[in-house]
2 protein chains.
Amino acid sequence: MEHRIEKIKKQLHSHSYKLTPQREATVRVLLEREDDHLSAEDVYLLVKEKSPEIGLATVYRTLELLSELKIVDKINFGDGVSRYDLRKEGAKHFHHHLVCIECGSVEEIENDLLGEVEQIVENDWGFEVKDHRLTFHGICRQCQAAAVKEDVQKATP
Amino acid sequence: MEHRIEKIKKQLHSHSYKLTPQREATVRVLLEREDDHLSAEDVYLLVKEKSPEIGLATVYRTLELLSELKIVDKINFGDGVSRYDLRKEGAKHFHHHLVCIECGSVEEIENDLLGEVEQIVENDWGFEVKDHRLTFHGICRQCQAAAVKEDVQKATP
DNA sequence: TTATTAATAATAATCATTACAAACTAATAT
DNA sequence: ATATTAGTTTGTAATGATTATTATTAATAA
Ligand SMILES: [Mn+2]
Ligand SMILES: [Mn+2]
Ligand SMILES: [Zn+2]
Ligand SMILES: [Zn+2]
């Protein structure tokens with residue numbers, strides 16, 4: 001944890017930004033909830049628990065800054081809000097997501113998987129890939145199991 | 001054009017919706033600007049040119065409906081608005097996009113490219129893929145060329 | 001110390017989207 | 001033909017996320 005904070009502190013310094021107490025509090029929340037996909041409001045409420053004096057605008061500003069420095073990625077799953085997702089340690093590219101259209105759960109894939117596809121895009125389209133956003137929409141393992149169970153019930157009532 | 005309209009009309013009918021004049025006007029705009037990525041406001045203004053009596057709320061409702069029926073896909077490139085993108089004729093999956101971080105241009109890729117990756121996701125994550133969203137961020141051909149030119153100028157002033 | 005600058009908090013303003021109420025249309029039943 | 005109904009549209013108000021503004025505070029430099 002402290003290690004990650006130190007690293008982020010350095011990234012900020014290298015762009016002549018400071019790790020203010022508010023920024024640190026925000027980063028700590030993001031680290032604590034690394035697997036979640038929090039909205040700005042979510043982050044704000046969580047930061048407020050430990051640092052009640054923080055303002056919503058500051059959280060927005062901090063998230064925006066972290067986003068510019070590629071420390072977090074701003075994503076949008078189609079509900080009306082932006083969500084902020086910490087980059088995995090040392091990751092060069094943003095990770096992928098599996099969104100279940102039944103239950104809304106979001107799973108993460110850290111494996112890159114797109115190496116070949118990016119080669120094709122660079123070669124055939126002449127496009128120099130810097131980053132990507134990949135989300136699969138479908139049915140998660142749990143919902144598949146639930147559907148099978150329901151079918152069985154219908155077949156043998 | 002008429003052929004596409006007919007097909008969409010049938011898709012609506014099969015879900016017991018009608019192709020009202022307003023819906024048809026909206027669809028026509030989407031067909032005419034198939035390669036663009038229009039916001040609801042964009043669509044509204046374009047429809048208004050030919051059918052000045054249409055209301056903004058109707059356009060939103062129509063786009064929402066077309067989106068539910070998978071006739072258009074609702075996407076978000078990170079600016080604050082949703083954009084509505086007609087599915088390519090007969091396409092089972094949504095197409096991909098190349099967004100240039102220099103000039104903002106958006107190019108389309110109709111080739112699927114993700115067959116293998118989806119296999120891996122299904123096998124290794126047990127996730128049943130129904131659709132996907134893939135966007136590459138990077139430098140488009142034009143901006144690459146422009147950058148090279150600039151470098152040459154700097155080297156030989 | 002005093003001046004300068006960066007960062008924050010509180011709040012107002014903006015802007016995309018949605019909700020709502022009244023009017024309209026087309027289809028169906030009487 | 002007339003009344004009824006469900007579905008649709010319009011214009012506008014309301015909502016809600018995000019951004020801009022302004023006064024204040026903290027940090028830094030002169
Ligand atoms: Mn994630
Ligand atoms: Mn497209
Ligand atoms: Zn699920
Ligand atoms: Zn470009």
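Values reported hereafter were calculated over all heavy atoms of this structure, with side chains retained and with hydrogens, waters and symmetry mates removed. Naming: A, B, ... by sequence-line order, numbering from 1 per chain.
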For the pair made of [atom1] in [X] and [atom2] in [N], what is the distance, rounded to whole Å?
X     : N      : atom1 : atom2 : result
A:K74 : D:dT18 : NZ    : C1'   : 8 Å
B:L56 : C:dA16 : CG    : P     : 10 Å
A:K18 : C:dT5  : NZ    : P     : 13 Å
A:L38 : D:dA17 : CG    : P     : 15 Å
A:H13 : C:dA6  : NE2   : C1'   : 13 Å
A:L19 : D:dA26 : CG    : C1'   : 15 Å
A:D79 : D:dG16 : CG    : P     : 14 Å
A:L66 : C:dA7  : CG    : P     : 13 Å

Select one nucleotide: of D:dA17, D:dT12, D:dT9, the one nearest the side-chain heavy atoms of A:V81.
D:dA17
Between C:dT8, D:dT10, D:dA20, spot the one nearest the side chain of A:Q22, thanks.
C:dT8
Evaluate whether atom CD of A:E122 has more than 12 neighbouring non-hydrogen atoms of other residues, nucleotides or ligands under 6.0 angstrom away.
yes
Taking 4.0 Å as the cut-off, does a side-chain nitrogen or oxygen of [X] come that near to OP1 or OP2 on [N]?
X     : N      : result
B:S39 : C:dA16 : no
B:Y60 : C:dT18 : no
B:T20 : C:dT25 : no
A:R61 : D:dT19 : no
A:S82 : D:dT18 : yes

Counting only N and O atoms by type, is there a donor-acceptor contact under 3.5 Å from the side chain of A:H95 to the main-chain atoms of A:R87?
no
salt_bridge([X], [Y]) N-O dist < 4.0 Å:
X     : Y      : answer
A:K88 : A:E108 : yes
A:E6  : A:K10  : no
B:E2  : B:R28  : yes

Across the strands shown, which category fits A:E41 at heavy-atom distances under 4.0 angstrom: base, sugar-phosphate, nothing?
nothing
